[in-house]
Amino acid sequence: MTTTRVVQPKTDEQRHRLQEACKDILLFKNLDPEQFSEVLDAMFEVQVKPEEHIIDQGDDGDNFYVIERGIYDIEVTRDASAICVGKYDNKGSFGELALMYNTPRAATIISKQTGALWALDRATFHRLIVRNNAKKRRIYETFIESVPLLKSLELSERMKIVDVLGVKTFKDGEQIIKQGDKADCFYIVESGNVKIMLKSKTKATQKDNEEVEIARCSRGQYFGELALVTNKPRAASVYAAGEAKCLVIDVQAFERLLGSCIQIMKRNIASYEEQLVAVFGSSADLQD
Ligand SMILES: Nc1ncnc2c1ncn2[C@@H]1O[C@@H]2COP(=O)(O)O[C@H]2[C@H]1O
């Protein structure tokens, strides 16, 4: 693997767009500012046409991609039939697996309209992101083993979660999730507390726009799964209560790696109705 720093020349306007596209990329969250700036230097713009195959399942991995804009289908072929397992909608990233694990591409990614991507070459991805993974595993191994939801997974499966997660710190009172938004992440609390707040749409006596606290989550507990499991907008808002640090997993990794935990989550979702009945006298707000 080369250790040379790659610099792809960019205009100020391009760098600005690139920074915008990369600001929420989970795999970049653990980089220090110098490493992040090396990543940005190495990235280059790729314009895509409708129906273009950006990645073909089975190929060797060349680049990691960050989405600036466009819709991309994710297709996985098993037993000779291709199934669309999800899509990227104007945000997110893909193409990390083949580069991380030296495996053939695990899915085919097809653009559905004209779009724009930023690509990071394999050597730079390896040098800056993959090398960081050993450190990430050391830091999070014990904590991730203690998370009750993940107990049923194999150690190797838990480590794959660690490889792709991002860590975010929220200030006291900062909004983490907004009720009604489209969902794209799942969260596990590493430290601090978060409070789940709900604006009732059905309770006539409640003042307009007033949010009511319905639950709190602390270390080892998770939130943000409901909308991912039900494919609906966020059912409640979530705020940091004091400083809170969360591990964040994107929806594609959630579906790929946490599929076997979904039954446990569904059982817990049933108890949300009881919480709502306790607070509002009815669980109707969760059902629409
Ligand atoms: N369910 C899925 N299975 C495999 N790959 C997926 C899935 N969903 C999204 N992807 C992305 O599709 C990419 C295809 O190339 P990679 O295998 O390098 O990395 C893969 C992931 O980034």
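Start at 1 and go down the list; that is how both ligands and their atoms are numbered. Computed from heavy atoms alone, side chains included, the values below leave out hydrogens, waters and symmetry copies.
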If you apply the rule side-chain contact (heavy atoms from CB on, under 4.5 Å), what do you find for V238 with V194, and how did you get there? CA-CA 7 Å; V238 182; V194 303; 3.8 Å; yes
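Panel note: side chain D172, backbone G242; a donor-acceptor pair is recorded below 3.5 Å.
The residues lining ligand 1, counting any heavy atom closer than 4.0 Å, are I55, I74, V85, Y88, F94, G95, E96, L97, A98, R105, A106, A107, I109, R256.
Screening residues 136-163 for ring-ring contact (aromatic ring centres under 6.0 Å, His included), with sequence neighbours left out, gives no hits.
Rounding to the nearest 0.5 Å places CE of M43 at 12.5 Å from CD of Q14. Atom CD of E75 is separated from atom CD1 of I110 by 4.0 Å, given to the nearest 0.5 angstrom.
For Y88 and F94, the gap between ring centers is short of 6.0 Å.
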